[in-house]
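Beneath this line is the structure, given in structure tokens, with notes to follow.
Computed over heavy atoms, backbone and side chain alike; hydrogens, waters and symmetry mates excluded. Letters A, B, ... are given to chains in the order of the sequence lines, protein chains preceding strands, and every chain is numbered from 1.
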Amino acid sequence: TDTIARFQRMRGKMVFYPIGWDDNGLATERRVQNVTGVRCDPSLPFDPEFVAPYNGDVPKEHRAIPISRPNFVSLCHDVIHDDEEVFEQLVRRLGISIDWSLLYTTIGERSQRTSQLAFLHNLARGEAYQQDAPTLYDIDERTAVAQAEMEDREVPGAYHKIAFHRSDASGDLLIDTTRPELLASCVAMVAHPDDPRYQPLFGTTVRTPLFEVEVPVLAHHLADPEKGTGIAMICTFGDTTDVTWWRELNLPSRALIGFDGRMATETPPWITTPGGQTAYEHVAGLAPKQAQRKIVELLTESGEMLGEPRAITHPVKFYERGTRPLEIVATRQWYIRNGGRDDDLRNALLERGKELIWHPPYMFNRYQNWVGGLNGDWLISRQRFFGVPIPLWYRLDSDGNPLHDEILTPDESKLPIDPSTSCPDGFTEDGRGKPGGFIGDPDVMDTWATSSLTPHIAGGWVDDPELFARVFPMDMRPQAHDIIRTWLFGSIVRSHHEHGCLPWRHAAISGWILDPDRKKMSKSKGNVVTPINLLEEFGTDAVRYWAASGRPGVDTAFDAGQMKIGRKLGTKLLNASKFVLGFGAPPTGAVPTAPIDRAMLARLADVVDESTRALDEFDYARALERTEAFFWWFCDDYVELVKGRAYGTQGDDAAHSARAALRQALDTVLRLFAPFLPFVSDEVWSWWHDASVHAAAWPARSELATTGDISLLAPVSDVIAAVRRAKTEAKLSQRAAVSELVVNAPTVALRAIEQCRTDLAEAGGIETFTLSEAPTLETFVRLAPSTDPAASH
RNA sequence: GGGCGCAUAGCUCAGUUGGUUAGAGCACCGCCCUUACAAGGCGGGUGUCGGGGGUUCGAGUCCCUCUGCGCCCACCA
């Protein structure tokens with residue numbers, strides 16, 4: 001991103017380059033819990049005297065000191081403040097040319113205002129709505145999570161074959177289940193409508209084992225005849241298919257797992273037989289795993305489980321940061337429409353994705369895949385503490401119960417607000433929680449609900465309309481491929497709703513940095529490499545060189561070898577510059593006249609074109625590679641060839657041509673390298689310019705002699721290489737003299753060599769240089785009679 | 001199960017719309033203290049371009065197919 005920003009700045013653009021720390025949300029809460037040993041209990045009162053007991057290294061047994069929400073939030077602010085200073089130091093050291101005056105944080109005041117305002121707009125237009133529905137819920141964090149935050153993990157499980165009793169006593173109905181602990185939540189049985197094995201049973205009922213509840217046998221096309229016994233028990237709720245069946249078959253809700261992740265302690269009313277009630281007492285209050293063991297034990301005793309559990313591994317949904325499987329709990333949550341339940345919106349958002357210019361283009365497939373696969377709207381409410389509050393209150397009825405349909409919204413001018421400490425218009429604090437009064441929404445918004453507005457936050461949507469008009473929609477969103485479904489998609493959703501357009505024209509999608517074995521870095525694997533040591537060992541330019549050599553979108557393995565090359569390149573730039581500048585400035589008006597000088601500059605002009613084109617297409621890696629290849633050729637062949645002439649061996653005019661060409665080339669090359677190696681290029685630039693190279697204009701073909709004949713260069717390089725090879729093979733120094741060089745070559749090559757004959761002769765130490773025509777280029781090198789080895793020193 | 005990407009020298013990777021004999025760096029070996037650079041320079045070889053088939057005058061490049069690896073997604077009975 002920085003390379004692109006520096007390039008565009010050199011082209012004369014005003015680059016709007018903000019940065020933000022995404023510090024709100026669960027990641028911060030967890031870090032605070034781990035570092036300070038506290039946990040938030042919103043029922044506690046604020047304690048102004050509270051001091052965190054630890055600062056890092058909290059003993060495990062002390063990790064749950066309960067503190068009030070205001071105390072907790074204050075601790076979060078302290079911790080992120082320290083972390084963000086470290087981040088800033090690192091980013092500055094990387095030479096990222098961010099405009100630090102544009103720094104924002106997602107928990108900051110402007111972000112909160114932006115996030116709440118956008119939400120209220122969504123609410124007013126009907127794009128935000130609340131719903132009481134089964135929701136995927138993390139029982140450890142005690143919060144709902146969105147589809148984008150879930151992942152499947154392969155975990156061990158087991159099929160349990162369980163017998164349900166037919167009401168007509170004609171025998172048992174067998175099912176396979178991995179979750180026998182949900183047996184008490186069973187509301188129906190389901191098989192495929194075309195399955196002849198179960199067709200006779202549709203419309204009848206069976207009795208659940210242990211709990212003795214009568215449940216109907218139903219047909220639904222989602223039931224898979226191939227899975228298990230072909231008939232499944234529907235529980236509220238074991239998985240998302242259960243939710244579908246529950247909704248589409250109009251089944252009752254018999255949820256038993258609560259927000260604490262445990263089975264309800266009281267025996268539910270639908271279990272009516274004494275035997276069933278006794279069975280439930282065994283599992284009341286247990287966590288799912290304990291309950292499963294108990295149920296298996298009971299079923300085994302009663303003979304209703306057939307055989308042993310059969311171990312399998314199967315995919316189970318987890319919160320991406322969680323450790324236990326998600327449960328499905330019925331809760332009231334806020335959603336923003338994202339096309340997951342509305343084909344028109346889904347198609348409109350797919351169209352937005354097509355409008356966006358993706359770099360690399362195939363990354364669009366991930367977007368399409370994600371949008372096409374959405375199975376619900378975007379759940380944005382979180383039962384957490386350190387986040388942007390949902391800016392709403394609800395009226396309370398005469399019994400003090402919230403009326404969720406009677407929403408009280410704040411005036412936009414008062415944003416941001418915290419509904420737990422401020423009150424709605426027309427009310428006073430006295431009315432909080434009282435019958436006929438009001439209550440604030442206790443939840444905060446998902447961090448992506450705020451991050452999806454980063455163009456608005458950075459661009460001053462809420463407080464600087466003039467700036468916003470100039471920068472929105474933006475040119476480019478830089479980000480990695482793993483957050484296309486969250487950051488990128490969320491941003492498009494919000495911009496589509498708010499403005500009816502894309503938030504930016506281009507998406508520059510980067511890959512990941514992998515560990516040296518090409519594995520994703522992760523804390524749990526312990527293979528994380530933090531950049532600070534690399535910066536110390538190799539220098540910033542070298543680390544940037546490595547980073548820029550990874551092509552857009554491609555994952556790049558951490559590679560110290562690549563950084564060594566980057567460091568070598570920087571050193572070479574210093575040395576070559578020292579040499580070129582050592583000749584002093586050529587006289588005013590001196591221009592490159594020698595054919596080889598002009599040819600070199602013509603090649604450089606091509607490199608300028610190619611690099612410019614590549615950077616215009618966000619292909620920084622190609623731009624760097626072409627510049628680098630030119631530069632090494634320039635040092636190895638061109639400089640060696642013209643060195644003598646530049647010193648003046650062929651007279652002043654010839655020297656001035658070489659010196660002017662060397663300077664022009666260096667001047668251009670430094671600017672081509674500036675976006676990649678900002679430190680070394682600026683250092684060298686400062687040796688002969690007043691302003692920074694980063695304020696210089698990006699080079700253009702028109703600055704360089706473009707009439708040079710590039711075809712001169714290859715034959716000349718071939719001859720140089722042949723002479724060097726001969727000396728090396730003879731184990732002689734490159735200074736050794738060549739008594740005779742014969743070059744046979746086709747006319748075109750011959751003419752090229754002829755034009756730099758003197759330079760070649762000087763560079764190679766050639767005494768007699770004979771050219772003659774031949775179909776292909778051949779060289780014969782006769783070395784001078786060997787001298788006494790001792791004397792060669 | 002669906003989608004996407006990758007597969008080129010021992011390693012990391014270029015190879016832009018098909019076009020001479022497939023390249024670079026690293027690593028390895030040898031030589032050279034050379035006046036910009038010894039934290040350097042010069043030189044050296046190694047390829048069934050994953051397998052098979054096709055289109056074409058011509059394929060690393062385009063098409064089909066298979067294999068392997070990786071990532072993203074998906075409905076947990």
Side-chain angles (χ1 to χ4, degrees), chain A residues 147 151-155 157 159-160 175-179 182 189-191 222-224 227-235 237-245 312 314-318 325-326 328 360 362-370 372-375 481-482 484-485 511-512 514 516 518-520 546 549-551 553-557 559-562 564-565 567-569 571-583 610 613-614 617 619 621-622 625-626 628-629 632 635-636 639-640 643 647 720-721 723-736 792-793:
Chain A
Q147 187 182 352
E151 63 185 24
D152 282 2
R153 292 183 202 162
E154 286 285 334
V155 296
Y159 273 130
H160 302 73
I175 61 129
D176 273 320
T177 180
T178 57
R179 298 204 63 186
L182 294 175
M189 311 295 283
V190 67
L222 283 182
D224 182 355
K227 260 189 187 170
T229 60
I231 189 163
M233 66 170 181
I234 303 174
C235 303
F237 297 95
D239 61 36
T240 53
T241 315
D242 281 341
V243 178
T244 307
W245 281 325
I312 56 162
H314 60 161
V316 175
K317 284 204 186 313
F318 281 73
L326 291 168
I328 295 174
Y362 62 79
M363 287 295 177
F364 169 65
N365 292 315
R366 298 214 185 181
Y367 179 90
Q368 195 171 28
N369 209 339
W370 175 252
L374 287 168
N375 53 32
H481 51 59
D482 55 333
I484 288 172
R485 62 179 183 169
W512 283 333
L514 305 176
R518 303 201 60 79
K519 295 273 178 270
K520 186 180 172 182
W546 159 73
S549 64
R551 309 195 90 73
V554 176
D555 295 345
T556 308
D559 183 4
Q562 218 31 42
K564 277 188 205 160
I565 300 166
R567 186 157 182 88
K568 257 176 78 169
L569 176 61
T571 307
K572 193 76 173 177
L573 262 174
L574 289 172
N575 286 318
S577 303
K578 194 166 78 180
F579 175 72
V580 169
L581 297 175
F583 291 112
E610 219 173 339
R613 202 179 319 122
E617 290 164 11
D619 194 350
R622 174 185 294 276
E625 181 187 83
R626 295 309 148 100
E628 185 189 12
W632 284 107
C635 291
D636 294 347
V639 168
E640 292 302 325
K643 194 183 267 186
Y647 275 122
I720 294 173
V723 171
R724 284 175 180 156
R725 196 178 308 119
K727 292 178 182 177
T728 296
E729 278 164 7
K731 303 197 181 227
L732 288 175
S733 159
Q734 291 299 324
R735 290 174 83 185
S792 73
H793 290 279

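- At the phosphate of C75(B), OP1 or OP2 sits under 4.0 Å from a side-chain N or O atom of Asn375(A).
- Remark: G1(B) base-pairs with C73(B). Criterion, Watson-Crick or G-U wobble with two distances under 3.5 Å.
- For Gln368(A) and G5(B), the CD to P distance is 12 Å, given to the nearest whole Å.
- In this structure, OH of Tyr159(A) is placed 5 Å from P of A77(B), rounded to the nearest angstrom.
- Residue His481(A) places none of its side-chain N or O atoms closer than 4.0 Å to OP1 or OP2 of G5(B).
- Ile565(A) comes within 4.0 angstrom of sugar-phosphate atoms only, judged by non-hydrogen atoms across all strands, and of no base.
- Side-chain contact check for Arg724(A) versus Gln734(A): some heavy-atom pair is nearer than 4.5 Å.
- Look at the P atom in both G43(B) and G23(B): the space between them is 16 Å, to the nearest Å.
- An OP1 or OP2 oxygen of G41(B) is reached within less than 4.0 angstrom by a side-chain nitrogen or oxygen of Lys572(A).
- For Lys572(A) against Cys635(A), the heavy-atom pair with the smallest separation is CE-CB, 3.7 Å.
- Ion pairing of Asp619(A) with Arg622(A) is present here, as a side-chain N (NZ or NE/NH1/NH2) and a carboxylate O approach within less than 4.0 Å.
- Residue contacts shown for Cys235(A) are absent, as no nucleic acid heavy atom lies under 4.0 Å away.
- The two atoms that bring Pro360(A) and Gly553(A) nearest to each other are CD-CA, 3.9 Å, heavy atoms only.
- In terms of heavy atoms, Ile231(A) sits closest to Ile175(A) at O-CG2, 3.5 Å.
- Between Val639(A) and Phe579(A), some side-chain heavy-atom pair lies under the 4.5 Å cut-off.
- Atom C1' of A59(B) sits at a distance of 15 Å from the matching atom of U20(B), rounded to the whole Å.
- Pair assignment for A14(B): none, as no Watson-Crick or G-U wobble contacts are both less than 3.5 Å.
- The partner of U56(B) cannot be assigned: no Watson-Crick or G-U wobble pair with both contacts below 3.5 Å exists in any strand.
- Note on Val190(A): nothing from the nucleic acid sits closer than 4.0 angstrom, heavy atoms only.
- Ala223(A) comes within contact range of at least one nucleobase, with a heavy-atom separation under 4.0 Å.
- Not one side-chain nitrogen or oxygen of Arg179(A) sits closer than 4.0 Å to the OP1 or OP2 atom of A77(B).
- Residues Asp242(A) and Ile328(A) form no side-chain contact, since every pair of their non-hydrogen atoms from C-beta on lies 4.5 Å or further apart.
- Atom CG in Leu573(A) sits about 19 Å away from atom P in A39(B), given to the nearest Å.
- Residue Lys568(A) places at least one side-chain N or O under 4.0 Å from the OP1 or OP2 atom of C26(B).
- Using a 4.0 Å cut-off between a side-chain N of Lys or Arg and a carboxylate O of Asp or Glu, Glu640(A) and Lys643(A) qualify as a salt bridge.
- Side-chain atoms of Lys727(A) come within 3.5 Å of backbone atoms of Ala736(A) as a donor-acceptor pair (strictly under, hydrogens ignored).
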Using a cut-off of under 3.5 Å, enumerate the N/O to N/O pairs linking the protein to nucleotides 7-16 of chain B.
residue	atom	partner	partner atom	Å
C13(B)	OP1	Arg518(A)	NH1	3.1
A14(B)	O2'	Glu625(A)	OE1	2.8
A14(B)	O2'	Glu625(A)	OE2	2.8
G15(B)	OP1	Arg622(A)	NH2	3.1
U16(B)	O2	Arg622(A)	NH1	3.2
U16(B)	N3	Arg622(A)	NH1	3.3
U16(B)	O4	Arg626(A)	NH1	3.3

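- Separation of the P atoms belonging to G19(B) and C62(B) is 10 Å when rounded to the nearest angstrom.
- Across all strands shown, Glu151(A) has no heavy atoms under 4.0 Å from either base or sugar-phosphate atoms.
- The side chain of Arg366(A) sits closest to C71(B) out of C71(B), A74(B), G3(B).
- Distance Asn369(A) CG to G1(B) P: 16 Å, rounded to the nearest Å.
- At whole-Å resolution of the value, CG in Asp482(A) and P in G70(B) are 18 Å apart.
- Nearest to the side-chain atoms of Tyr362(A) among the listed nucleotides G5(B), A39(B), U34(B) stands G5(B).
- Comparing C42(B), A74(B), C71(B) against the side chain of Gln734(A) picks out C42(B) as the nearest.
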**OP:** May I have the step-by-step check of side-chain contact (heavy atoms from CB on, under 4.5 Å) for Val155(A) and His314(A), ending in yes or no?
**Re:** CA-CA 6 Å; Val155(A) 296; His314(A) 60 161; 4.1 Å; yes
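- Rounded to whole Å, the P atom of U21(B) lies 15 Å from the corresponding atom of C49(B).
- Distance alone, capped at 3.5 Å, is enough to place a donor-acceptor pair between the His160(A) side chain and the Thr177(A) backbone.
- For the P atoms, the distance from C71(B) to C63(B) is 26 Å, rounded to whole Å.
- With both ends at atom C1', the span from A14(B) to A24(B) equals 7 Å, rounded to whole Å.
- Nearest-nucleotide positions on RNA chain B for Gly228(A) and Gly561(A) put Gly561(A) closer to the 5' end.
- Residue Arg724(A) has a polar side-chain atom (N or O) positioned under 4.0 Å from OP1 or OP2 of G43(B).
- Asn365(A) comes within 4.0 angstrom of the backbone, heavy atoms only, and of no base.
- In this structure, C42(B) and G30(B) make a Watson-Crick or G-U wobble pair, each of the two defining distances being under 3.5 angstrom.
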Restricting both atoms to N or O, compile the protein contacts to nucleotides 45-47 of chain B shorter than 3.5 Å, with distance only.
none

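- Computed from coordinates, the Trp370(A) CH2 to C71(B) C1' distance equals 15 Å when rounded to whole Å.
- Nucleotide A74(B) holds its P atom 14 Å from the CG atom of Asp239(A), rounded to whole Å.
- Across every non-hydrogen atom of Val316(A) and Pro325(A), the tightest pair is CG1-CB, 3.6 Å.
- In terms of phosphate contacts, Lys564(A) brings no side-chain nitrogen or oxygen within less than 4.0 Å of OP1 or OP2 of A39(B).
- Met363(A) places its CE atom 14 Å from the C1' atom of C73(B), with the value rounded to the nearest Å.
- On the P atoms, A7(B) is 9 Å away from C13(B), given to the nearest whole Å.
- Heavy atoms of Leu326(A) sit under 4.0 angstrom from at least one base atom.
- U56(B) and U61(B): their P atoms are spaced 16 Å apart (whole Å).
- Within the structure, a side-chain polar atom (N or O) of Thr178(A) is placed less than 4.0 Å from OP1 or OP2 of A77(B).
- Between Asn575(A) and Lys578(A), some side-chain heavy-atom pair lies under the 4.5 Å cut-off.
- When both pairing distances are held under 3.5 Å, C6(B) makes a Watson-Crick or G-U pair with G68(B).
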